[in-house]
Amino acid sequence: MRLSQFFLPTLKETPSEAQIASHRLMLRAGMVRQLTAGIYSWLPLGHRVLKKIEQIVREEQDKIGFNELLMPTIQPAELWQESGRYDDYGLEMLRITDRHDRKMLFGPTNEEAITDIFRKDVRSYKQLPQLLYHIQWKFRDEIRPRFGVMRGREFYMKDAYSFDIDYESARHTYNKIFLAYCRTFTRLGVKAIPMVADTGPIGGDLSHEFIILADTGESEVFCDKKWLDKDLTGKGVDLNDRTGLENWVQGTLEDYAATEEMHDASNEAVTALGDDLVTTRGIEVGHIFHFGTKYSEPMGATVLGPDGTEVPVQMGSYGIGVSRLVGALIEASHDENGIIWPESVAPYKVGLINLRTGDDECDAACEDAYAKLTNAGIEVLYDDRDIRAGGKFADMDLIGLPWQIVIGPKGLKNGVVELKNRKSGEKTEVTFEAALNQLSA
RNA sequence: CGGGGAGUAGCGCAGUCUGGUAGCGUACCUGCUUUGGGAGCAGGGGGUCGCGAGUUCGAAUCUCGCCUUCCCGACCA
């Protein structure tokens, strides 16, 4: 993409409403613009990151056998009256009325809707388990939206739902999701620590939150320092081996980690840690629940078992805050000059900087580099704008692409370009071909 | 919802106390000179001063009401 043809409204100064790093940087880097409190438009750069995160989340769901579908954002009130949550959910649910005076709502989550889909078409235990998910916008009318996309009212979430015949089977599904989440966050380039969680209004008895450690996190968290460099990729774990997977999950959860609500300072496991207990703040980016028959029972989601009796199915739901992750990743990775994207979610892999737009030799070298990078399948953002070098450097650091290739008259005289790593700040002078090779690797 | 800020050009701000032609920086447009980490000079465009009432000869400024937004707290992917 040529920057001259890209909508990238970067800001030199921070709009006064933005307080925390991710919000400031998302506005300055031209990723989002606020429409009203807690509701944002995603500009091209932000949209690319959102879609990259979404795709990684999707791939890891698909790998454990979940089926993607898409449910509506608007739901009828009756469904929620059936589950009993229409009254329970409170003011956070945005309620609306259609032209026939029918009560509708903008979905804050989809347990009811998915249960309705399930109950209409699944009749037998032989059809279980059913593993379904979608990635869709949600609306929760937060009392106080804040921190940009981290606590918006409208947000993009992956929510998965499972239906199993019994607890053992449901627990296996839970374990699969647990592994998929560990892998998802690892691929996103962050450490998200699973912590035993309060099940809250969704209910149930088995639940973990995945928390990214960051100073600006919303809640205080406590964990064994072993978590900080623990491998969560679950290499070699066989998804079909129930016992093996269960053992891996239990082994992983062996070390202490708890959110503020669940933390118990007098617990033996905590006191034994001593200085190895890390106290910091965290951002919740995922939450998984097993809640049994909480919805299947009132809503009549039953199947016939092998013995011919009708049983309510065992359900679970599993969420990842996709739009929140954009902010959370920035909180976890930035410096005074801007964002530092992990390569897996960067809007482009490389920024190509033409230091002297308008200079024939520079333009030709950059055009050649742009074509070669593009042909090599490398996502490149080419800054061909006719502005001074300083502005290009500043913008490129701000938007945080992992690599920069800087081409200017001085380097060209010596047949070299500058290759800069955004994260380490390391700059090397190499031939363009060497840079291309390194980036292709 | 309780407490505390803020609404003046795209963004950052001054002006409000003490009423009298709406300003500065930056961004934007034109020209010239520049060009390796946010250039210089000259010229130029852009404002219902959040909205509505009121007081006054006259309101960004004073009074009343409303709206929006940000921060702290209780709640949450």
Side-chain angles (χ1 to χ4, degrees), chain A residues 9-20 23-24 27-28 30 33-39 57 89-93 107-110 135-160 181 192 197-202 207-212 218-219 259-261 282-289 317-328 337-338 353-359 362 385-398 404 406-414 416-418 420 425 427 429:
Chain A
T10 57
L11 304 173
K12 215 164 171 178
E13 289 176 285
T14 305
S16 56
E17 75 265 18
Q19 299 297 322
I20 64 164
H23 192 196
R24 286 200 306 264
L27 290 170
R28 286 195 54 213
R33 287 294 181 260
Q34 180 172 309
L35 190 58
T36 183
I39 300 180
V57 169
Y89 219 92
L91 294 172
E92 233 174 75
M93 185 153 74
T109 177
N110 288 65
I135 304 174
Q136 176 66 292
W137 292 94
K138 307 290 188 292
F139 197 96
R140 294 185 191 172
D141 200 1
E142 295 279 345
I143 302 171
R144 180 155 92 87
R146 60 186 134 171
F147 304 148
V149 300
M150 301 253 286
R151 179 158 300 287
R153 292 195 289 173
E154 187 183 54
F155 59 98
Y156 202 43
M157 183 165 91
K158 185 285 298 180
D159 40 320
Y181 274 34
D198 193 1
T199 52
I202 295 184
S207 175
H208 289 88
E209 289 178 11
F210 285 77
I211 307 266
I212 290 179
E218 285 196 87
S219 54
T259 58
E260 205 170 359
E261 307 85 63
I283 302 164
E284 181 183 355
V285 289
H287 201 155
I288 59 180
F289 300 88
S317 77
Y318 320 94
I320 289 182
V322 177
S323 51
R324 171 180 284 183
L325 265 166
V326 179
N337 295 322
I353 295 181
N354 184 343
L355 280 183
R356 193 78 66 85
T357 299
D359 175 279
C362 258
R385 294 175 301 174
D386 188 12
I387 63 169
R388 297 167 61 86
K392 295 187 179 183
F393 287 128
D395 275 345
M396 206 54 90
D397 282 350
L398 177 61
Q404 297 172 14
V406 181
I407 297 182
K410 288 182 191 169
L412 285 178
K413 268 181 201 145
N414 303 317
V416 294
V417 302
E418 182 181 290
K420 175 178 166 181
K427 300 176 199 172
E429 297 213 321

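Lettering of chains follows the sequences in order, A, B, ..., and the numbering in each one begins at 1. Just so it is clear, the values below take in all heavy atoms, side chains as well, and ignore hydrogens, waters and symmetry mates.
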**Item:** Between B:U21 and B:U33 - C1' atom distance, rounded Å
**Value:** 36 Å
**Atom-to-atom span, CG of A:N110 to C1' of B:A77 - whole angstrom** = 12 Å
**Message:** Mind checking if A:R28 touches a base, just sugar-phosphate, or nothing, with heavy atoms under 4.0 Å?
**Reply:** base
**Request:** Could you check whether A:A394 gets within reach of a base, just the sugar-phosphate, or nothing at all, counting any heavy atom under 4.0 Å?
**Result:** base
**Asked** Does A:F155 stack onto the base of B:A77, taking stacking as ring centres under 5.5 Å apart and planes under 30° apart?
**Response** yes
**Message:** Applying the Watson-Crick and G-U wobble criteria at under 3.5 Å, what pairs with B:A27? Answer none if nothing qualifies.
**Reply:** none
**Message:** By the 4.0 Å heavy-atom rule, please label A:P108 as base, sugar-phosphate, or nothing.
**Reply:** nothing
**Asked** Do any side-chain nitrogens or oxygens of A:R144 fall under 4.0 Å of OP1 or OP2 in B:C72?
**Response** yes
**Request:** Mind checking A:G408 for me? I need base, sugar-phosphate or nothing, with any heavy atom below 4.0 Å counting as a touch.
**Result:** base
**Prompt:** Under 4.0 Å: is that the gap between some side-chain N or O of A:T36 and OP1 or OP2 of B:U69?
**Reply:** yes
**Request:** State the pairing partner of B:C64; accept Watson-Crick or G-U wobble contacts with both distances under 3.5 Å, and report none otherwise.
**Result:** B:G52
**Message:** Please compare A:R324 and A:F393 by the position of their nearest nucleotide in RNA chain B and report the one closer to 5'.
**Reply:** A:F393
**Value in whole Å for how far the P atom of B:U35 lies from CD1 of A:I353** = 19 Å
**Message:** Using only atom types and a distance under 3.5 Å, with no angle test, would you say the side chain of A:Y181 pairs donor to acceptor with the backbone of A:G319?
**Reply:** yes
**Item:** Test item: A:R28 side-chain N/O and A:E13 main-chain N/O as donor-acceptor pair under 3.5 Å
**Value:** no
**Test item: A:K427 side-chain N/O and A:G425 main-chain N/O as donor-acceptor pair under 3.5 Å** = no
**Message:** If only side-chain N and O atoms count, and only distance matters, is there a donor-acceptor pair under 3.5 Å linking A:T357 with A:D386?
**Reply:** no
**Fill in**
Whole-Å distance, A:L91 CG to B:G2 P, equals 13 Å
**Item:** Under 3.5 Å donor-acceptor, A:R324 side chain and A:M150 backbone
**Value:** yes
**Item:** Residue-phosphate contact under 4.0 Å: A:Q34 side-chain N/O, B:C70 OP1/OP2
**Value:** yes
**Message:** Once you apply a heavy-atom cut-off of 4.0 Å, does A:V406 come out as touching a base, just sugar-phosphate, or nothing?
**Reply:** base
**Request:** Find the partner of B:A14: check Watson-Crick (N1-N3 plus N6-O4 or O6-N4) and G-U wobble (N1-O2, O6-N3) distances, both under 3.5 Å, and reply none if neither fits.
**Result:** none
**Item:** Mate of B:U35 where both pairing distances stay under 3.5 Å, Watson-Crick or G-U
**Value:** none
**Prompt:** Would the A:F210 and A:H208 ring centres measure less than 6.0 Å apart?
**Reply:** no
**Message:** Please check: side-chain N/O of A:R33 versus main-chain N/O of A:L27, any donor-acceptor pairing under 3.5 Å?
**Reply:** yes
**Message:** Less than 4.0 angstrom between a side-chain N/O of A:R388 and OP1 or OP2 of B:A39, yes or no?
**Reply:** yes
**Prompt:** Considering Watson-Crick and G-U wobble pairs with both distances under 3.5 Å, what does B:A74 pair with?
**Reply:** none
**Complete:** Going 5' to 3' through nucleotides 3-13 of chain B and flagging B where a protein heavy-atom sits under 4.0 Å of the base, S where only the sugar-phosphate is that close, and - otherwise, we get --------BSS
**d(CD1, A:I387; P, B:C28) in whole Å** = 9 Å
**Request:** Check every strand shown and say whether A:F147 touches a base, only sugar-phosphate, or nothing at a heavy-atom separation below 4.0 Å.
**Result:** sugar-phosphate
**Asked** Backbone N or O of A:N354 within a donor-acceptor pair of the A:K392 side chain at under 3.5 Å?
**Response** yes
**Item:** Length of the NZ-C1' vector between A:K12 and B:G25, whole Å
**Value:** 10 Å
**Request:** Look at the side chain of A:K427 against the base of B:G37 and say whether a donor-acceptor pair falls under 3.5 Å; ignore hydrogens and angles.
**Result:** yes
**Message:** So A:W137 and A:E154, do their side chains get closer than 4.5 Å, heavy atoms only?
**Reply:** yes
**Complete:** Between CG of A:D395 and C1' of B:A27 the distance, given in whole Å, is 13 Å
**Request:** State which of B:G36, B:A77, B:G38 makes the closest approach to the side chain of A:E142.
**Result:** B:A77
**Message:** Nearest whole Å is fine: how far is B:A77 C1' from A:I320 CD1?
**Reply:** 10 Å
**Message:** Quick check for you: among B:A77, B:G36, B:U69, whose closest atom lies nearest to any side-chain atom of A:M157?
**Reply:** B:A77
**Asked** So what's B:G46 paired with, Watson-Crick or G-U wobble, going by both distances under 3.5 Å?
**Response** none
**Asked** A:R356 has an atom CZ; how far is it from atom P of B:G37, in whole Å?
**Response** 11 Å
**Asked** In whole Å, what separates the P atom of B:C75 from that of B:G15?
**Response** 40 Å
**Strand partner of B:G20, provided both Watson-Crick or wobble distances fall under 3.5 Å** = B:C57
**Prompt:** Salt bridge between A:D397 and A:K420, side-chain N to carboxylate O under 4.0 Å?
**Reply:** yes
**Item:** Contact nearer the 5' end of RNA chain B, comparing A:M150 with A:G391
**Value:** A:G391
